[in-house]
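Okay, so here's the structure we're looking at.
A note on names: the letters A, B, ... follow the listed sequences, proteins ahead of strands, and every chain is numbered from 1. Treat the numbers as computed from the prediction; the structure is a model and nothing was measured.
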Amino acid sequence: MNELIEDSILIKVRDVHFSRGSKLIFDGVDMDIQRGKVTAIMGPSGTGKTTLLKIIGGQLRPSQGSVEVDGSNIHAIRHKELYQLRKKMGMLFQSGALLTDITVFDNVAFPLREHTNLPESMIRSLVLMKLQAVGLRGAFNLMPSELSGGMARRVALARAISLDPMMIMYDEPFTGQDPISMGVLVQLIRLLNDALSLTSIVVSHDVRETCAIADFVYLVSDGKVVGSGTPEELAESDSEWAQQFLLGMPDGPVPFHYSAKPYVQDLIEH
Amino acid sequence: MLNYFQRLGASTLSVLERLGRASIFFANILLSIPSVLIRPRLLFSQMYSVGVLSFSLIVISGLFVGMVLALQGFYTLSDFGAEGMLGVMVAASLVRELGPVVAALLFAGRAGSALTAEIGLMKATEQLSGMEMMAVDPVARIVAPRFLAGLISMPILATIFSAVGIMGGYFIGVGLLGIDEGGYWSQMQAKIDFNIDIINGLIKSVVFGWVVTWIAVFEGHDAIPTSDGVSRATTRTVVHSAFAILALDFILTALMFGDI
């Protein structure tokens with residue numbers, strides 16, 4: 001039974017510490033990302049959520065602790081093995097990170113052309129299938145500069161699934177989107193996760209949208225996991241922190257005021 | 001006083017640290033070069049943007065430099081009745097010094113700055129990071145083809161610069177100032193030595209091509225990923241390249257022609 005549970009975990013984050021200069025970003029983070037599920041990592045801006053994705057992807061190295069992806073310790077394996085593993089990991093950057101000097105079609109074809117020797121006719125079919133999945137087959141000929149923010153993210157999503165990965169990491173997928181693009185992205189993340197049997201990690205601070213599709217949520221603040229559970233469990237939790245974040249209250253465990261000396265003292269000093 | 005030494009020490013350390021990082025980066029580029037050679041299309045497209053697009057700048061500048069050399073040289077040489085040596089003077093100046101040095105300075109301004117800005121912006125817009133996550137090594141896919149293209153293009157551009165400059169000298173010397181056409185070419189043929197002048201000039205342009213492109217790709221890759229960071233990196237490329245070209249030119253000239 002234990003083995004079965006172990007096997008259902010795709011990513012194990014254990015006691016991860018990470019600092020940037022003298023600033024401590026993570027102070028012992030533990031997480032389990034279940035296979036086939038949509039797991040959300042939520043927290044206020046500046047808590048290092050994107051950094052966490054980069055640590056999971058092996059782009060940053062923690063000062064302490066380990067990250068295991070599909071049974072491999074991502075920071076202990078060789079460069080070549082890391083690149084092999086990354087072929088199975090898709091990542092959607094906040095900006096889309098599309099290559100700006102080639103078309104939408106070539107962007108989606110990029111990983112296929114780099115990693116396979118498929119004939120061009122097959123690449124064309126695969127690219128059109130991926131673009132169809134995100135609803136942008138008609139935009140194949142556009143340049144990235146001609147796309148809206150939401151469209152760019154959908155193209156990046158098509159590119160992320162072009163090698164049929166086992167997992168996708170979404171970095172703030174909803175930020176700066178209008179309600180329609182937001183709705184489209186929310187639906188796509190859930191739909192692709194289920195249709196392609198993916199494992200999805202969504203980093204976000206958009207509570208409503210993320211909770212609508214997440215199977216499990218981790219709340220991160222001040223370098224630690226401060227709450228976890230299904231969206232329903234978190235909504236009912238009595239943690240002050242979870243309540244402040246989920247309900248968007250201006251003051252609470254995360255104070256409204258940036259730390260400063262006493263107000264009166266500051267006023268009478270001059 | 002102590003503060004002064006402290007600052008001096010800190011800035012020396014930071015320069016050494018950057019130099020170390022640049023050297024490791026260069027080693028990574030070298031390791032990636034085989035992967036570029038098996039995909040020559042990547043190299044050709046970069047040779048177009050780094051080399052071919054610098055062509056008109058090099059041709060026009062070379063022409064003017066050659067013409068000015070002939071004008072200035074003529075007035076000095078004619079004092080000694082040695083106008084016949086004009087061809088030798090123009091060719092030797094261009095092939096040994098001005099061709100490699102001026103072409104490299106122009107190359108740093110035109111192609112070097114463009115390389116830094118392009119790679120820096122790719123970093124700022126997370127394109128390099130995105131590539132890493134697609135299991136594509138940005139050093140092999142983006143940096144190495146650009147480096148190799150710069151290394152190959154620079155000697156070709158310097159050669160074109162010198163050739164066009166010699167033609168510019170011919171137009172002014174023979175066409176305008178009326179020196180003997182046969183003398184212009186035959187003196188040049190007799191006095192310009194293939195090994196001493198042409199090969200050494202070529203070696204200089206290869207060294208300048210290497211240093212300019214190395215600085216350009218490193219600055220781009222190392223840029224702080226903001227608009228300000230990319231703009232500073234682009235400026236640094238041009239300034240550091242100019243210093244490096246002139247300093248290396250002095251060292252190479254001393255080594256090559258010091259005992260002649």
For this session: With a 4.5 angstrom heavy-atom cut-off, could you sort out which part of A/Thr100 is near chain B: side chain, backbone, both or neither?
Result: both
Exercise. When heavy-atom pairs shorter than 4.5 Å are enumerated against chain B, which of A/Met89, A/Arg159, A/Gln84 gives the highest number?
Worked result: A/Arg159
For this session: Mark yes when over 12 heavy atoms from residues, nucleotides or ligands other than A/Lys87 sit less than 6.0 Å from its NZ; otherwise mark no.
Result: yes
Problem set entry | Side chain to side chain, A/Phe174 and A/Thr210, heavy atoms closer than 4.5 Å | yes
Exercise. Quick one: CZ on B/Phe147 to CG on B/Leu43, what's the gap to the nearest 0.5 Å?
Worked result: 12.0 Å
Problem set entry | Best-contacting candidate, B/Val136, B/Leu121, B/Thr125, B/Leu128, against chain A by heavy atom pairs under 4.5 angstrom | B/Val136
Problem set entry | NZ/NE/NH1/NH2 to OD/OE distance under 4.0 Å, A/Asp70 and A/Arg35 | yes
Problem set entry | Approximate separation, where rounding is to 0.5 Å, of A/Glu209 CD and A/Met182 CE | 4.0 Å
Exercise. Which bit of A/Leu98 is near chain B, if near means a heavy-atom gap under 4.5 Å: side chain, backbone, both or neither?
Worked result: backbone
For this session: Could you tell me which of B/Gln127, B/Glu118, B/Arg39 has the largest number of non-hydrogen atom pairs under 4.5 Å with chain A?
Result: B/Gln127
Problem set entry | Pairs of heavy atoms under 4.5 Å with chain B: top-ranked of A/Gln59, A/Met91, A/Gln94 | A/Gln59
